[in-house]
Amino acid sequence: MKTTLLSISRPSEGGLLRFYPLRAFSYSRFWPSIFQIATVLGLVLVLYFAFFGTIRPARNFATVVTWTLWWPLLPWSFLFLGRAWCAICPLAAIGSWAQEPGARLGLAAGRQPGAWLKRYGVWLMVFTFAALAWVDRTFSIIGSPRATGVLLLILMLGALLMSLLYRQRAWCRYLCPLGALSGIYATTAAVELRADKAICQTCRTKACYASCPLYEFPQTMDSNRNCNLCGNCLKSCQHGAIALAPRPPGQELWLFRHSLVAESTLAVLMVALVYLQTIDMTLPWGDYMKAVVENTPLVGYNAAFTATFGAVIALGLGSYLVAAWASGRLSGVGLATIFARFGYAYIPLALSGHLGHNFSHLLLEGPRAIQTALNQLGIPISLVPEALTDAPPDFSTVTVLTIMVLAIGIGASAYVLWRIVKREGRAAITAWPHFALLGFFSLAYLVMFLLPMNPRHGH
Amino acid sequence: MKERYVLLMLTALGVVLAGCGKSEKVGSFPAFVYTSATSLESYRLAVRSPVFLEKMPCYCGCVQSANPPHRNLKECFIKPDGRFEEHGATCDLCGKIALDAEAWRKEGLSLKEVRARLDAKYQEYGRPTDTPPIE
């Protein structure tokens, strides 16, 4: 390993790995294991407080750390580090750690994922992510430490079970709802781990494939969707063919070759889900729900919400289907091809909406949440200035930041659309229906983020 | 083709779930009530059982923060003059307390027992309203 670190003539010493500290870090046996230990310890604390801590969500370590700090920060990590969170995710780490003792005890099957899992895995993720979004809103998971604990336990058991059934991380690749989110958003990352294909063709061992927890083959990998930057391929490659390189954020969205209908669906679904999870926090939401509850047979709030949830998703996916159909008609390309390819262009919009949605949580509630977490752990220090906890940034500041991020996302989506058309040598008219739909989605987002928020106070 | 079936199944599931409402329609409320399931259900409860909620305390701090201070859980939802109070819709605790109390009453607990359970569960939130004890 030392010779690899010292030599300077191979791709693995180029790009970001030119910098020795980063190279040493990437090749270190402590990456990602030391971080996994830290996050597992964090998870243990979260579960302890979730089940044995105060029932007050605004004062409970589990809810403030999970929903006010980790969840809003997570999308930022996708932008800068791709799926790196998945490498240190405590849920997956516990599953991985259980595989070896499980095999010794005859509990782990260690199978390769079957054809059905490979074929329908992304669809399962689409469904589990949408289901999780619905469950969160319907059962108010974020407002309950106990429910938060139960959700984390369910996810942990899912990861554990899949780890015992299959080798490597089938859970992360094919089932985890957060894996769906991180895979899609990791395409926008400003870094990528890629192999030098010319060198790979001379390799006879393909050790990188055997070591990849997400079943990726670096030689053919052209997307971050299934790369968690764990560095296993980097460490196992005897030829130094793999490099970590900076890139224009989201570049792969117009460069990669393998597009899937399921992933395109997931991308547009994300646009709809971010909209749903924000619009129900605005003041006019009450007027809308009042109209639905009083004028339709949907008399319960959850029934009315569920119908709206389904309708917004159907509207989002339906309008995308229409745009893809129109685009196909204009260009003479098949619907399935257009549907599978152009959905990725909406990812920057969804991510910017996601980041914008979380600004309010992070900036308005974050400082107090950090102090609450420290207090819960019995750490007697005042890390956050009182001025920030007592008077967080006002709502107009948050709105300006949100609109700025959203504008970048809209511009990025439009740019990706244009690059896809150019890259694939299609007529410019192919993109028009998608530009129109992007305009519609963008307008809906802009109006939503400018609406006054519903005042709520937590305890 | 199979992907289309999956989409159809998801849509059908949404329609089925949409029919899962169990609440009965009780009157009309201001728009601020329709912001969460807990809010709507607790206002419906307040209209249906005002005397019951009048005997229960609230622990959210409205004994100090509300103007005038609330005297019982009912006043988080309905003002003494009979108009709707917005506080119960914007506070994430009042509704939970009200729905807990109702659930325990439906389990067959007496008013005194419901009150005792509320005290045990919510006393960590701080000072309750000055609601007279149940004899």
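Everything quoted here is computed from the prediction, not taken from an experiment. So that the names make sense, note that chain A is the first sequence line, chain B the second, and so on, each numbered from 1. Side chains included, hydrogens not; waters and symmetry mates left out as well; all remaining heavy atoms used.
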Around atom [atom1] of [X], are there more than 12 heavy atoms from other residues, nucleotides or ligands closer than 6.0 Å?
{"X": "A:K118", "atom1": "NZ", "answer": "yes"}
{"X": "A:F51", "atom1": "CZ", "answer": "yes"}
{"X": "B:R71", "atom1": "CZ", "answer": "no"}

* Is there a side-chain contact between A:I55 and B:Y122 (heavy atoms, below 4.5 Å)? -> yes
* With side chains defined as the heavy atoms from C-beta onward, is the minimum distance between B:F29 and A:K290 less than 4.5 Å? -> no
Which heavy atom of [X] sits nearest a heavy atom of [Y], and at what distance?
{"X": "B:Y34", "Y": "A:E294", "answer": "OH-OE2, 2.7 Å"}
{"X": "B:K96", "Y": "A:P57", "answer": "NZ-CG, 4.1 Å"}
{"X": "B:E124", "Y": "A:R56", "answer": "O-NH1, 3.2 Å"}
{"X": "B:L40", "Y": "A:V299", "answer": "CD2-O, 4.2 Å"}

* Asked: Got a second to check how far A:M281's CE is from B:S36's OG, nearest 0.5 Å?
  -> 13.0 Å
* Among A:S140, A:A131, A:G286, which has the most heavy-atom pairs under 4.5 Å with chain B? -> A:G286
* Qualifying residues under salt bridge (Lys or Arg N to Asp or Glu O under 4.0 Å), relative to B:E54, sequence neighbours excluded -> B:K74
